[in-house]
Protein chains: 2
Amino acid sequence: MTKALERREKLRAALIQAAEQMIAERGLAGLKTRDLAREIGCANGAVYNLVADVDELILRVGSRTLLRLDETLTLATNAGEPSPRESLVRIALAYCDFAAENLQLWRALFEHRMETGKLVPDWSVHDQMQLFRHIYQPLAALFPGRSPEELGITARSLFSAVHGMAALGLERKLVAVPLPALRKEITGLVRAMIDGLIAHDVKGAAAAD
Amino acid sequence: MTKALERREKLRAALIQAAEQMIAERGLAGLKTRDLAREIGCANGAVYNLVADVDELILRVGSRTLLRLDETLTLATNAGEPSPRESLVRIALAYCDFAAENLQLWRALFEHRMETGKLVPDWSVHDQMQLFRHIYQPLAALFPGRSPEELGITARSLFSAVHGMAALGLERKLVAVPLPALRKEITGLVRAMIDGLIAHDVKGAAAAD
DNA sequence: AATAATATTGAACGATGTTCAAGGTTCCTG
DNA sequence: CAGGAACCTTGAACATCGTTCAATATTATT
């Protein structure tokens with residue numbers, strides 16, 4: 001029993017790794033089951049013993065990408081002990097850099113759409129939630145008056161805004177912007193957002209008095 | 001000569017309209033040439049007399065979507081004569097509302113990727129540039145000290161940030177957020193960004209003295 | 001009206017994801 | 001250790017795409 005399952009797991013790992021490399025090199029649309037099968041040395045049909053369908057395969061690669069992204073953001077947060085404000089800037093820049101360095105894999109996270117009717121499995125959804133965690137902590141330090149729910153919403157908004165800048169900035173479709181310029185823009189806008197949010201907080205508190 | 005070309009143009013218009021409706025109903029992935037041909041009453045192969053390939057078809061639909069979006073933003077800008085700051089908020093909300101009401105068509109604008117090697121035609125690129133124009137004017141009023149280039153960059157950053165909030169907010173993948181909540185978040189963050197940018201401007205000017 | 005030019009057709013091609021019966025391996029049991 | 005049960009692997013076959021093209025039908029010109 002061990003022999004068969006062992007080989008299966010080995011092949012599975014190889015499959016996911018091959019898929020990761022293929023997406024990284026040729027984009028999500030360049031992922032082909034026949035190429036994958038040739039790569040890991042098995043028949044085309046055998047892929048479906050290792051994985052239910054390509055949707056699952058893409059999700060598994062996405063999970064790995066999210067994990068690496070998470071590690072990157074963790075590293076960015078722990079570098080030195082800057083103010084919460086600068087911590088958020090660092091996180092945003094780390095996100096941008098990760099996207100630039102893992103462009104195709106990062107795009108695959110957002111480009112992929114499940115075939116209609118099939119819903120994303122729990123383990124995949126759970127992975128995605130973890131990302132906001134990094135933003136949450138500095139935000140909580142900056143806005144001690146806000147409830148956890150409010151902080152969660154603000155965290156998601158901030159994340160989304162930075163994501164949008166990276167997404168459109170790294171896109172060739174709209175004007176291509178050089179990476180250093182994009183980093184500078186993100187830095188400026190994150191600082192502006194935070195300062196603006198702080199100012200509103202003060203105003204709100206004053207009005208509440 | 002007129003008879004043939006006339007029919008051709010009629011069919012072309014019908015094709016693009018059918019494609020638009022099909023994308024709106026079933027998403028970009030639901031666009032099938034055979035269904036389109038049946039819809040407009042011609043053979044599958046005839047589609048390629050009206051259009052070079054589906055890429056062009058998608059781009060043509062995108063052009064129409066961008067045009068409607070442009071009209072929507074124009075309307076939002078001209079409604080009343082609010083301050084530049086509130087004008088920007090209105091534009092952002094109009095963008096969000098348009099995305100929500102034209103979800104699939106709006107997604108198609110960003111989901112579509114040309115097959116590698118083929119580049120987007122000029123007329124399509126030109127369409128996309130026009131969007132920043134709406135943001136540019138209020139920004140110029142708010143930041144008279146900035147150069148046109150700087151304003152253009154800020155406009156794109158602001159647009160990208162709002163786009164990101166709409167994109168992730170309207171996505172089912174990350175937590176689904178109700179539209180009113182999303183609008184409120186966008187309003188808050190746009191105001192914060194602008195106020196933050198203004199504060200930085202003042203600080204920068206003071207430091208320059 | 002005859003002929004040249006052009007448009008339209010739908011069958012066929014090559015890819016692609018997915019399935020499945022046939023045949024091979026591996027594992028448990030007597 | 002032998003033999004059967006359970007499982008795995010295979011590669012051919014299927015359905016569905018976008019796209020092409022020789023044959024046919026239509027339109028325009030002389």
Side-chain angles (χ1 to χ4, degrees), chain A residues 1-16 18-20 22-23 25-62 108 111-118 120-121, chain B residues 1-16 18-20 22-23 25-62 108 111-118 120-121:
Chain A
M1 199 230 263
T2 57
K3 189 77 170 298
L5 286 195
E6 210 169 286
R7 173 185 151 82
R8 206 181 130 101
E9 283 313 309
K10 281 263 200 296
L11 252 193
R12 226 165 107 101
L15 175 69
I16 294 172
E20 180 174 299
M22 200 168 288
I23 292 177
E25 285 174 2
R26 322 191 321 203
L28 194 53
L31 191 72
K32 308 287 145 112
T33 59
R34 282 169 177 81
D35 292 345
L36 284 173
R38 196 177 324 116
E39 192 80 30
I40 67 175
C42 74
N44 176 31
V47 168
Y48 294 86
N49 298 333
L50 309 172
V51 117
D53 47 28
V54 292
D55 268 347
E56 183 191 331
L57 186 53
I58 293 173
L59 256 35
R60 295 229 114 95
V61 171
E111 277 181 15
H112 177 59
R113 288 239 165 345
M114 298 294 279
E115 55 189 89
T116 47
K118 212 161 61 171
V120 182
Chain B
M1 199 228 258
T2 56
K3 188 78 170 296
L5 287 195
E6 210 170 285
R7 174 186 150 81
R8 207 180 129 98
E9 282 313 308
K10 280 265 200 298
L11 251 193
R12 226 164 106 98
L15 175 68
I16 295 172
E20 179 173 302
M22 200 168 287
I23 293 177
E25 285 173 1
R26 322 191 320 204
L28 193 53
L31 191 71
K32 309 286 146 112
T33 58
R34 283 168 178 81
D35 292 344
L36 285 173
R38 196 179 322 118
E39 192 81 29
I40 66 176
C42 74
N44 176 32
V47 168
Y48 294 85
N49 298 333
L50 308 171
V51 118
D53 48 27
V54 292
D55 268 348
E56 183 191 331
L57 187 53
I58 293 172
L59 256 34
R60 295 231 116 92
V61 172
E111 277 182 16
H112 178 58
R113 288 244 170 331
M114 298 293 280
E115 57 190 87
T116 50
K118 212 161 59 172
V120 183

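All chains are named by letter (A, B, ...) in the order of the sequence lines, taking the proteins before the strands, and each is independently numbered beginning at 1.
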Item to complete: Return the minimal non-hydrogen interatomic distance between A:Y48 and A:D53, and the atom names on each side.
Response: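 Closest pair (atom of A:Y48, atom of A:D53, distance): CE2-CA, 4.0 Å.
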Fill in: Minimal non-hydrogen separation, B:E39 against B:A18, with atom names
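That closest heavy-atom pairing would be CG-CB, 4.0 Å.
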Practice prompt. Between A:A43 and B:D35, name the one whose nearest nucleotide on DNA chain D is closer to the 5' end.
Written response: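 Result: A:A43.
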Worksheet entry | Nearest-0.5 Å distance that lies between atom CZ in A:R38 and atom OG1 in A:T33 |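 Output value for this atom pair is 10.0 Å.
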Which whole-number value in Å describes the distance from [X] [atom1] to [N] [atom2]?
X	N	atom1	atom2	answer
B:L57	D:dC17	CG	P	16 Å
A:L36	C:dA15	CG	C1'	15 Å
A:D55	C:dT16	CG	P	17 Å
A:R8	C:dT25	CZ	P	19 Å
A:E56	C:dG17	CD	C1'	15 Å
A:L11	D:dT10	CG	C1'	13 Å
A:Y48	D:dA12	OH	P	17 Å
A:L50	C:dT19	CG	P	14 Å

Of all the nucleotides listed ([options]), which has the minimum atom distance to the side chain of [X]?
X	options	answer
B:D53	D:dT19, C:dT18, D:dC17	D:dT19
B:N49	D:dT19, C:dT8, C:dG17	C:dT8
B:R34	C:dT9, C:dT18, D:dG18	D:dG18
A:A46	C:dT9, D:dG18, D:dT10	D:dT10

Practice prompt. Would you classify A:L31 as touching base, sugar-phosphate or nothing, given that sugar-phosphate means primed atoms plus P, OP1 and OP2, and contacts are heavy atoms under 4.0 Å?
Written response: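 If one applies the 4.0 Å heavy-atom cut-off, A:L31 turns out to touch the sugar-phosphate alone, with no base involved.
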Fill in: Intermediate values then yes/no, side-chain contact (heavy atoms from CB on, under 4.5 Å), B:R113 and A:L28
CA-CA 11 Å; B:R113 288 244 170 331; A:L28 194 53; over 6 Å; no
Discussion item. So, OP1 or OP2 of C:dT8: does either fall under 4.0 Å of a side-chain N or O from B:R7?
Written reply: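 The answer is yes; a side-chain N or O of B:R7 sits under 4.0 Å from OP1 or OP2.
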Worksheet entry | Side-chain-base donor-acceptor pair under 3.5 Å for B:N44 and C:dT9 |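 For B:N44, whose side chain was compared with the base of C:dT9, there is no donor-acceptor pair (under 3.5 Å).
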Item to complete: Using side chain to side chain contact (heavy atoms under 4.5 Å, CB included) as the criterion, point out the one residue from B:I16, B:V54, B:L31 that pairs with B:L36.
Response: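 Output: one option passes, namely B:L31.
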